[in-house]
Amino acid sequence: MITAQPKIGLFVTCLVDLFRPTVGFSALKLLEEAGCTVEVPVQTCCGQPAYNTGDRATARTLAQQVITAFESFDYVVAPSGSCAGMIKCHYPSLFEINSGWRVRAEQLSTKTFELTSFLTDVLGLEQANVDYAGTVTYHDSCSGLRELGVKTQPRRLLGTVAGLELREMEESEVCCGFGGTFCVKYPELSNRMVSDKVAHILATGADTLLAGDLGCLLNIAGKLQRDGVAIKVRHVAEVLAGLTGVPAVGEAEGGE
Amino acid sequence: MNEAREQVLATIRRGLKRGPLEGTRRAELEARLAQPPRHLIPARGQGSPSERVALFIKMAEYALATLDRVTDEQAIPAAVAAFLARENLPTEVVMAPDAALAGLPWESQPLLKIERRAAQDGDKVSITPAFAGIAETGTLLLRSGQDGPTTLNFLPDTHIVLLPAGRIVGSYEDGWDLLRAAGEAMPRTVNYITGPSRSGDIEQTMQLGAHGPLRLHIVVVAVN
Amino acid sequence: MQATSLAFKRNAIAALNNPVLQKALNNIKIGFVRKRAAAVAKLPEFGLLRDAGRDLRNHVLDHLDFYLERFEAQVIESGGQVHWARDAAEANQIVLDICRSVNARLVTKGKSMVSEEIGLNDFLEANGIRPVETDLGEYIIQLRHEQPSHIIAPAVHLNREQVADAFQAHHAPYGFTERHEEPRALLDEARQVLRQQFLQADVGITGANFCVAETGSTVIVTNEGNGDLTQTLPRVHIALASIEKVVPTLEDVSLLLRLLARSATGQELSVYTTFSTGPRHPADVDGPEQFHVVLLDNGRSSMIGGEFQDMLRCIRCAACLNHCPVYSAIGGHAYGWVYPGPMGSVLTPQLIGIEVAGQLPNASTFCGRCEEVCPVQIPLPKLMRHWREREFERHLTPMPTRFGLGVWAFFAKRPKLYRRAASFAAWALRRLAGGAGRIKRLPLAKGWTAWRDLPAPPGRTFQQQWAARREQRP
């Protein structure tokens, strides 16, 4: 049931908090414009780095922290398929079946959403009332796509942005090579994967790359810039919220 | 190696936290084996008999088999001879020692030199009957027996298979039912054959005739 | 074989820098990935069949003892023999004993990953018996004294020139002195050389894709027909199967066949699917006089009931390899043992130990493409994560990772401290970028900056800015 003005706990994600606050404010703007009340509870990280390193104890502690901070909201929304996927698909498995924490994790799971999925699937948003003059291509980040089924939602909304042309790249569903700690544990492999991704992006002729996860965006932007390619990289929320006045990811302040 | 057997089974049971199956559970599994349930069967093979024949032909061609249709079994020898002539293939053929095949008017094709036996090295062309055809993938079902040497399916360069249209069933499951209905024990060998032999092992470029036949030619016999 | 999985990182870097290999790996995308997608698109029921395949394989594993015993009874009933092997050494000895019982000198072999797993060829050779691989890819790598780099396309890492070199080095005794590089000519040459082996062999050894409990049949799935010649021409047929390959009925095999070829090569069905039941019947005019099945455990039975049981659902289609961005970048040899790719990253630590194979389940971004294409829906990322958990529990996680994680966790568990640390990091990173928007080199993050720039933060964290805003609009 959607209450008249659903109360949202915005899970900013640690990467957005540190590297790209604009994404958080874009999410805020989109949710408020769609009629939600948005709060930002005290938060650090969803615990995925620990979880994927095999440190279940730390992952569990951080999950409990998130559950406690967010369980009073109607919904938890994150501008990231990866972090939303962690909360939605993995938190319950951290706790014993039938335990109190398990139940609380499962309850949080049912009301946690990735941003574009929440806007379209839950709020029924059909129109982004903004414009963006550019040709964009969209990278499907892995967790959002495969754990949460985020595929058409961002594209449907982007399709309503005035002036925006979407050009699909080859293999948009193949991993960019970020993979959390993978990119520093296996840098050569990660580099190969992001190089392939960059080649597919270039082949579209698009001037902007969009995606829904900052991890992928930092990785791809970093590679594009190391290669000297002037393609703008932005989180999809920035475009949908019309907050594209700030420099693109990795771009110099005041533009290039 | 009885000790090995007991240890493997004991470890499995330890993992499953139980002893050997008994009682109702065992009876259920026995029943499942005695009356094998079917899983979901794709709709594509479940059309009318004529749709099944059409699907079989389409799928066999997709698998790179060649096909001829004759409407009278008496016309089979002429169709075989014409195929061999058309493809410029030898007329020495080895045929399965099958009674139904032997009853066809092969003498009407004096150019064909026929031997009835298992295959040997150097044989170029074989002719065998199919037990059934499976429409969903254009697959032939052949079985070994005194009238069906398996080597004929693999050693010669060209394999010609005779398939009565009435033996074309929709699915693999229908094929097994036909075989079970024939009432014999499992033959030593049941071959599903879907197109001619091939390999993609060199640079993923597909080449026909890796070890088995280079050509698979199916004569569908549709008696009106 | 000696595993080199410990050297995974070094192997992977070498593979990335091997242009011949890189070119060959590109063939996988064309040969497998696109064809699978096309085949799946042509079968509307494919998704439901995957559900049924998963459920069937789970049913088998939950009753594995029952079905193995029934399979054994049916093999014996049809005149064959079953041999149980706890490990590689026992399996090798069983095969050798059978070969010796018929004074075998030459053994032809169909493709079998279990044979690779137990190192059968080396063992037979050491005991004076000559094994000849007859699958074209396996034959090529046998000539080159290599391991398969892919579970269904063992020579996918090679190009035609390398095949030509191998044939030129080994085929003179068969009268082939001219060098060919065209795949057609190479295939014809191999066909002629191997035809002689098929006809002379005393024993034929194949693997088994499935063992059917209902009938006591072993099933092989091939495209070349080599497996059929291997098991039909010699006097003795030995089928090597690992214990989890058992399937209750022919109906159940039918289900798995609909999944296997489409997932593997994108074919509707492989060219030859062959059901072998016992030795030749008295009236048969060809076929082997003896039929033996060797059932290999080698650590699998202990996976039953544990967190890795799901791995035993695997039907060895290789879709997870073909769709894995890591496998696609480095090929199979870098994994250092028999089974590469995602399925290998889960299975190998079980078979040779996490101490040796610990790198494999770590070398994944958990992108999930393997699970997405798996015909029996094995949760491969989850199983790789379970291995990481075991490593972490046993303090096998590398020190720098453990230390870094510890520092990060210290802050992440303390939100106030974390906010201050994040604010400092945001400020410091921006300073390092110096207005350029990105950082070219960062001493503690060389893994990142060796290959890409690090986009810099704008200077103040979201939570800092949010707090400031809250003060402005209470």
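Only a predicted model underlies this, so the values are computations on that prediction, with no experimental measurement involved.
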For the interface with chain A, which of Arg414(C), Lys382(C), Lys440(C), Arg430(C) has the highest count of heavy-atom pairs at distances below 4.5 Å? Arg430(C)

Part of Ala363(C) within contact of chain A (heavy atom distance under 4.5 Å): both

Proximity breakdown for Arg419(C) and chain A, heavy-atom pairs closer than 4.5 Å: side chain

For Lys9(C), is it the side chain, the backbone, both or neither that has a heavy atom under 4.5 Å from a heavy atom of chain A? side chain

Within residues 51-64 of chain A, contacts to chain C at heavy-atom distances under 4.5 Å involve Tyr51(A), Asn52(A), Thr53(A), Gly54(A), Asp55(A), Arg56(A), Thr58(A), Thr61(A), Leu62(A)

Closest heavy-atom pair and its distance - Ile378(C), Glu371(C): O-CG, 3.5 Å

Under-4.0 Å salt bridge between Glu114(A) and Lys88(A): no

Greatest number of heavy atom pairs closer than 4.5 Å to chain A - which of His323(C), Lys413(C), Lys416(C): Lys413(C)

Okay, Glu372(C) and chain A: the region with an atom under 4.5 Å from a heavy atom over there is side chain

For side chain to side chain donor-acceptor pair (under 3.5 Å), just list the numbers for Glu173(A) and His139(A), CA-CA rounded to whole Å, side-chain angles, deciding distance to a tenth of an Å, and then say yes or no. CA-CA 7 Å; Glu173(A) 297 187 356; His139(A) 163 69; over 6 Å; no

Please flag which part of Thr22(A) lies under 4.5 Å from any non-hydrogen atom of chain C: side chain, backbone, both or neither. neither

Side chain, backbone, both or neither of Ala329(C) within contact of chain A (heavy atoms, under 4.5 Å): both

When Asn191(A), Val23(A), Leu18(A), Leu189(A) are compared by non-hydrogen pairs under 4.5 Å with chain C, the top option: Asn191(A)

When you measure from the side chain of Lys223(A) to the backbone N and O of Val198(A), does any donor-acceptor pair fall under 3.5 Å? no

Salt bridge present between Arg192(A) and Glu188(A) (N-O < 4.0 angstrom): no

Under 4.5 Å to a heavy atom of chain A? For Ser423(C) that would be neither

Answer key: most heavy-atom pairs under 4.5 Å with chain A among Lys446(C), Gln359(C), Gln463(C), Gln465(C) is Gln463(C)

Heavy-atom pair count under 4.5 Å with chain A, highest-scoring of Lys29(C), Arg390(C), Arg460(C): Lys29(C)

Quiz question: by atom type and distance under 3.5 Å, do the side chains of Glu391(C) and Asn362(C) form a donor-acceptor pair? yes

What part of Glu393(C) is in contact with chain A, defined as an atom under 4.5 angstrom from a non-hydrogen atom: side chain, backbone, both or neither? neither

Check whether Trp387(C) gets within reach of chain A through its side chain, its backbone, both or neither, counting any heavy atom under 4.5 Å. neither

